[in-house]
Amino acid sequence: MADIPVWSAENLNLSIGRQIIFDDASVAVMEGERLALVGRNGSGKSTLLKIIAGLEKPSSGDIHIRNNFRTAYMTQDVDFVTDKSIRGVLQEGLEYFEQLLDEYAHISQNSPRHAEIEHILDRCNAWNLENKLDTTLQKLDLNRHCDTPFHLLSGGEKRRVVLGRAIIGEPDLLLLDEPTNHLDVATISYIEEYLKSFRGSCLLVTHDRFFLDRIADRIIELENGKFFSCVGSYADFLAAKAEARHAEDMEVSRREKFLRREIEWVRRSPKARLKRNMGRIRRFEELSGIQAPVRMGDTELVIPEPERLGNKVVDLLDVSLNFGERKVLDKFNFEFTSAHKVGIIGANGAGKTTLLKLITGELTPASGQVKVAETVQFNYIDQRRLDLDEEQTVYDEVAGGVDVISLGSEKISVRAFLKRFLFEDERINGKVKYLSGGEKARLLLAKVLKRGGNFLILDEPTNDLDLPTLRVLEEALAAFNSTLIVVSHDRYFLNRVCNHIIAFEEIAPDAGCAVISTPGDFDYYMSVRARHLEKLRAALPQEKKKISPAIEEKVPEKKPEKAKKLSYREQQELLHMEENIAAAEAALEAIEARFSEPDFFVKHAKEMPEFEAQLAAARARVDALYARWAELEG
């Protein structure tokens, strides 16, 4: 990566109302780097992207842009109006190459510009634009219905199309605002591989920590109008931020001690001596005028203590459901317990939300039974966020006609409750329609979590949430002492929260999706995924065994092993496996809890290699136990 900026700004200033977005801030994007921009919702991340894209201007500041500089901008909002098809929208991203081809056809072959255009088209493989378009459609899994009108697509499909439009033109700087929202794991993996090989620079805003760690080589945070920069992973960023805050706190402490001493000196000194020490007085006045760093508080997600569930929670018995000719579920069985924290994964449209509606009774299965115990109280956060009334104030939306909220044995005012979710008075009294996407996500969490319930269902809860709020949400859900279902594509989130995975997997193009259920987190599921897919494909009729292109590279070529009887020792091992796993997970959580301490990286900087080794060993122990459990049960 060259230390040459393609875009830079100095002394940026911008305020919106009373909120300061940029306060004499400076920032630069270097040639060839993958830069991640993080910060609280509403801090100004999207505003910076719009300024770089030329869609907005700061109040003041010096902006420097490299000559012949091209950007492509993927916005958060992909729900725009157009009559074009998927193919037509993607084709908009090829406008630059179309212009070059037209210029190349009409320019003299002896012109230096002729050779320059030839070099660009060779480098970008852009001589055949139809072929380039078809390749992008295939990689984003849009080729099978590329003539579908854009306005008929789901949110996730629209996001893939807009992403394709941004990347197909191979710009100098790619601006991506939450590119992985609503995308399945396979599509996110494709974006990761594309960005790793992308020749230009990339500035992305994302809450997906797996994606961030795999792509970004530098992280910048926008907080209180200033930028904080750190080279490395998100863990490196957190460590550097903790060290910087510790240094700030030490400086504030030293300044306060000096000021206390100077105040005493001023009080004791006679006026004549004060005149001879005007320099010391000016120094005192300068330091006393310096304000301590302004810090944002942490969101305090409050989940009321759930009422106790009985031995039975929800049982799915041979549940089947079809939509037309498409089979969504086929004799699916699952028994939910109070200890289950289940992650549901799969491609968009595979049937994840349908399964949630079967569980809650919104849909009735074509065959089979869904048995819900009388003690179950569902609390369901809908993916579509339709629970919010745009014309209501934030206060009224949560209050629902009352001024006090009961959180188990605790009672709290609505205003205090909203402040725990980082809503200040100005926002609390304002209308919902003026909130950012992330603020609406926080508001919806506040509104739904106050309802309590002992069976919590979250459909894509991580979309639009900033990273600090995500960390707090993970901790709250991990501590939630009852049944939980989350539908998510956030791999880090699934690993932190879930102890069981239900996956909707396409096993062949015409065979629909199969549902795979495994104990453990997302990483463990991925380690056994190929084995499950192989068994499912082996059971297919011969004419349907063509492997789906999206997953064929991970299928091992070996015959399934024959089941054998367990020895007495293996029976005893299996009998005690759950308690051994529980003990190993408790040990792992204890180590992870230490890493989550605010001053951990400051206190234990020298011991980090030892702690990281302990963490890796604890994770390996848990993974090995889950693998052994699956082996014995198989």
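Nothing here was measured: the structure is a model prediction, and the numbers come from that model.
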Run the salt-bridge test on E170 and R70 with the 4.0 Å N-O cut-off and return the result as yes or no.
no
Kindly say whether P5 contributes a backbone atom to a donor-acceptor pair with the side chain of S8 at under 3.5 angstrom?
no
Should K241 and E223 count as an ion pair when the cut-off is N to O under 4.0 Å?
yes
Counting C-beta onward and ignoring hydrogens, is there a side-chain heavy-atom pair between I220 and V38 closer than 4.5 Å?
no
Heavy-atom pair of closest approach, residues L467 and H207
CD2-O, 3.2 Å
Does T353 form a side-chain hydrogen bond (donor to acceptor under 3.5 Å, both in side chains) with D459? I'd like the steps, not just the answer.
CA-CA 7 Å; T353 302; D459 197 352; 3.0 Å; yes
Once you measure the plane-to-plane angle for F522 and Y525, does it fall in the parallel (<30°), tilted (30-60°) or perpendicular (>60°) bin?
tilted
Assess whether side chain to side chain contact (heavy atoms under 4.5 Å, CB included) is satisfied between N224 and D23, documenting all intermediate values.
CA-CA 8 Å; N224 298 316; D23 182 14; over 6 Å; no
Heavy-atom count check: over 12 atoms from other residues, nucleotides or ligands less than 6.0 Å from K226 NZ?
yes
Would you kindly say whether D172 and W7 are connected by a side-chain donor-acceptor distance under 3.5 Å?
no
Cut-off 3.5 Å, side chains only: do H489 and E460 have a donor facing an acceptor?
yes
Counting heavy atoms not belonging to Y434, are there more than 12 under 6.0 Å from its OH?
no
Does any part of the side chain of L470, heavy atoms only, come nearer than 4.5 Å to the side chain of Y492, both counted from C-beta?
no
Taking the six-membered ring for Trp and the single ring otherwise, decide whether the centroids of F150 and F80 are under 6.0 Å apart.
yes
Any donor-acceptor N or O pair under 3.5 Å, side chains D177, T75:
no
On a heavy-atom basis, which atom in A53 and which in T71 lie closest, and how many Å separate them?
CA-OG1, 4.2 Å
Find out whether Y73 and L176 are in side-chain contact, i.e. whether some heavy atom of one side chain is under 4.5 Å from a heavy atom of the other.
no
Answer yes if the side chains of D24 and N13 hold a donor-acceptor pair under 3.5 Å, and no otherwise.
yes
Any ion pair linking R471 and E474 (charged N to carboxylate O, less than 4.0 Å)?
no
D83, CG atom: more than 12 neighbouring heavy atoms under 6.0 Å:
no
Just checking, any donor-acceptor pair under 3.5 angstrom between side chains of H500 and S517?
yes
Result for side-chain contact (heavy atoms from CB on, under 4.5 Å) between F504 and one of I345, L355, I516 points to L355
When you measure from the side chain of R159 to the backbone of Q76, do you find a donor-acceptor pair of N or O atoms at a distance under 3.5 Å?
yes
Can you check whether D217's main-chain N or O pairs, donor with acceptor, with R34's side chain at less than 3.5 Å?
no
Side chains of W127 and Y104 in contact at under 4.5 Å (non-hydrogen atoms):
yes
Heavy-atom distance under 4.5 Å between the side chains of I52 and L175, does that happen here?
yes
M74 and A166 have their tightest heavy-atom pair at CB-CB, 4.3 Å
L129 atom CG: more than 12 heavy-atom contacts under 6.0 Å:
yes
Going by heavy atoms in the side chains, are F227 and L37 under 4.5 Å from each other?
yes
